[in-house]
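Below: one structure, written as structure tokens.
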2 protein chains.
Amino acid sequence: MDYQEAKDKFISTWGSLGSLWGINKAMAQIQALLFISTKPLSMEEIMEDLKISRGNTSMNLRQLMDWGIVTKTLVAGERKEFFTTEKDVQELARIVAKERSRREIKPVIKVLEEVSSIENDGTEKTKELIKQTKALHELTETMDVMINKLVDQKQNWITKSVLKLFK
Amino acid sequence: MDYQEAKDKFISTWGSLGSLWGINKAMAQIQALLFISTKPLSMEEIMEDLKISRGNTSMNLRQLMDWGIVTKTLVAGERKEFFTTEKDVQELARIVAKERSRREIKPVIKVLEEVSSIENDGTEKTKELIKQTKALHELTETMDVMINKLVDQKQNWITKSVLKLFK
DNA sequence: ACAAACTTTCAATAATTACTGAAAGTTTAA
DNA sequence: TTAAACTTTCAGTAATTATTGAAAGTTTGT
């Protein structure tokens, strides 16, 4: 496998994996491209490399910036904008975890809270609804807390703290 | 908010959340319906309650069974099949985590392994590709190990072991 | 103030993914 | 063995989501 093959394989795998961490294909591919690039890339270069349109590139770069994963960089003497991504995988993981918690988990917790606190009219089905949504609420909240604690650890929590705990 | 409202809200929220744990809307809704039901439900009842077609119900029930989340139950004196879901949230979380690891994370780890072991021809870009995919490989593998360790704990790992660690 | 260089927006379109419903298949009771 | 009761399959269609490309918008140098 030569460089080009390896690069393509990485970008396409990472792209199709997008769904796992909650973003779309183009977004994941742009991030992947930047992640293995040795220098900031312009919109032009990204479009050409991934064979996607200008509009698509622009919109997905914006989203990546919203997530805080990609930043604009100025390159001396160049007028156009260049982009780079966070290169540290741990920091990347932290950003993604935090964003997903905020965007997806938190709203669910809110609904589970609401649903599980309806008035208990004593019927079987109401009791079951309350019981089960409460259990789900508790689980979801615990996982969310866990994710955010992990994410707040600034050092390599993953290799240090966690692994040894489950030895 | 009365029972029906609460029920609908729960099912639709859980349904749209499907993407978070990697399954589609109908599948998540069926699971949600069974999760708060006080008794096993037939295909007929599921179709009616969720207003989805017979075919859709059948296919999604099969998928839920493939995941190991839903099981067929025989109801005495009834000819048709009835379905129930795992009612314990912790066991549910365990099943989902294990399945996602197997279906999604493991294959990615394999690709990252391949890509990160291409021959180092000494060029800048090859070195960067190797370095970055290696870092990603390590991270992904560690998370996968972590998930599987968590998942193997048969007791309420979540409240006990984990929370206190990140106090 | 102008225009070149560049970026963003968004309506139209394409690609993907989910859903339906009827036909084919299977199981069970008599 | 038959037929009623039930389940599965799958081609066609609908719904959703992603992408394009050209027009509108913005910025910068002169």
Side-chain angles (χ1 to χ4, degrees), chain A residues 11-34 40-67 70-85 103-104, chain B residues 11-34 40-67 70-85 103-104:
Chain A
I11 290 175
S12 90
T13 305
W14 208 241
S16 60
L17 187 71
S19 68
L20 189 63
W21 50 295
I23 65 172
N24 76 29
K25 203 181 73 180
M27 214 172 136
Q29 289 188 338
I30 293 173
Q31 199 278 326
L33 179 62
L34 292 171
L41 299 179
S42 68
M43 216 166 85
E44 208 72 30
E45 291 171 303
I46 295 170
M47 289 170 55
E48 272 170 30
D49 204 314
L50 301 178
K51 272 134 190 80
I52 59 179
S53 72
R54 190 172 296 282
N56 198 6
T57 309
S58 170
M59 289 180 109
N60 285 108
L61 276 171
R62 160 187 286 282
Q63 282 207 75
L64 283 165
M65 289 187 286
D66 287 349
W67 273 70
V70 162
T71 43
K72 281 187 187 170
T73 354
L74 294 178
V75 168
E78 286 273 12
R79 182 153 160 190
K80 58 173 159 263
E81 295 168 335
F82 286 79
F83 301 89
T84 42
T85 189
R103 292 168 192 240
E104 297 171 290
Chain B
I11 290 176
S12 89
T13 305
W14 207 241
S16 59
L17 188 71
S19 68
L20 189 65
W21 48 296
I23 66 174
N24 75 29
K25 204 182 72 182
M27 214 171 136
Q29 288 188 340
I30 293 173
Q31 199 278 327
L33 179 63
L34 291 172
L41 300 179
S42 67
M43 216 164 84
E44 209 71 31
E45 291 171 302
I46 296 170
M47 289 169 55
E48 270 169 33
D49 204 313
L50 302 178
K51 274 134 191 74
I52 58 178
S53 71
R54 191 172 293 281
N56 198 7
T57 308
S58 169
M59 289 180 110
N60 285 108
L61 277 171
R62 162 189 282 281
Q63 282 208 75
L64 283 164
M65 289 187 285
D66 286 349
W67 273 70
V70 162
T71 43
K72 281 187 187 170
T73 353
L74 294 179
V75 168
E78 287 275 11
R79 182 150 157 190
K80 59 172 157 253
E81 295 168 334
F82 287 79
F83 301 89
T84 42
T85 189
R103 292 167 193 242
E104 298 171 291

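The chains referred to below are lettered A, B, ... by the order of the sequence lines, with proteins before strands, and numbering in each begins at 1.
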Assert: residue with more 5' nearest nucleotide on DNA chain D, out of B:M59 and A:G55, is B:M59
Which part of the nucleic acid, if any, lies within contact of A:E81, taking any heavy atom under 4.0 Å across all strands shown: a base, the sugar-phosphate backbone alone, or nothing?
sugar-phosphate
Counting side-chain heavy atoms from CB outward, which of C:dC19, C:dT8, D:dT7 is closest to B:A26?
C:dC19
Can you check the A:M65 CE to C:dT7 C1' distance for me, whole Å?
10 Å
Protein-nucleotide distance (A:I52, atom CD1; C:dA14, atom P), rounded to Å
19 Å
Roughly, in whole Å, what's the span from CZ in B:F83 to P in D:dC6?
13 Å
Taking NZ from B:K25 and C1' from C:dT17, how many angstroms apart are they, rounded to a whole number?
12 Å
What is the distance from CG of A:L61 to P of D:dT19, rounded to the nearest Å?
13 Å
Starting at CE of B:M65, measure out to CG of B:N60 and round the result to the nearest 0.5 Å.
10.5 Å
Testing C:dA18, D:dT19, C:dC6 for proximity to the side chain of B:N24, the answer is C:dA18
Short side-chain to backbone donor-acceptor contact, A:S16 and A:S12, under 3.5 Å
yes
A:R62 CZ: over 12 foreign heavy atoms closer than 6.0 Å
no
Paired with B:D49, the side-chain contact (heavy atoms from CB on, under 4.5 Å) test is passed by just one of B:L33, B:L41, B:I30, namely B:L33
What is the distance, to the nearest angstrom, from the CD atom on A:E45 to the C1' atom on C:dC6?
14 Å
About how many Å separate NZ of B:K72 and NZ of B:K80, when rounded to the nearest 0.5 Å?
14.5 Å
Would you mind telling me which of C:dG21, C:dT8, D:dG21 lies closest to the side-chain atoms of A:K72?
C:dT8
Given atom CZ of A:R79 and atom P of D:dT26, what is their separation to the nearest angstrom?
15 Å
Which nucleotide wins on minimum distance to the side chain of B:S58, given the candidates D:dT9, C:dC6, C:dT20?
D:dT9
Side chain of A:N56, heavy atoms from C-beta onward: which of D:dC6, D:dT20, C:dT7 has the nearest atom to it?
D:dT20
Look at the side chain of B:R54 against the base of D:dT7 and say whether a donor-acceptor pair falls under 3.5 Å; ignore hydrogens and angles.
no
Can you tell me how far P of D:dA18 sits from CZ of A:R62, to the nearest Å?
17 Å
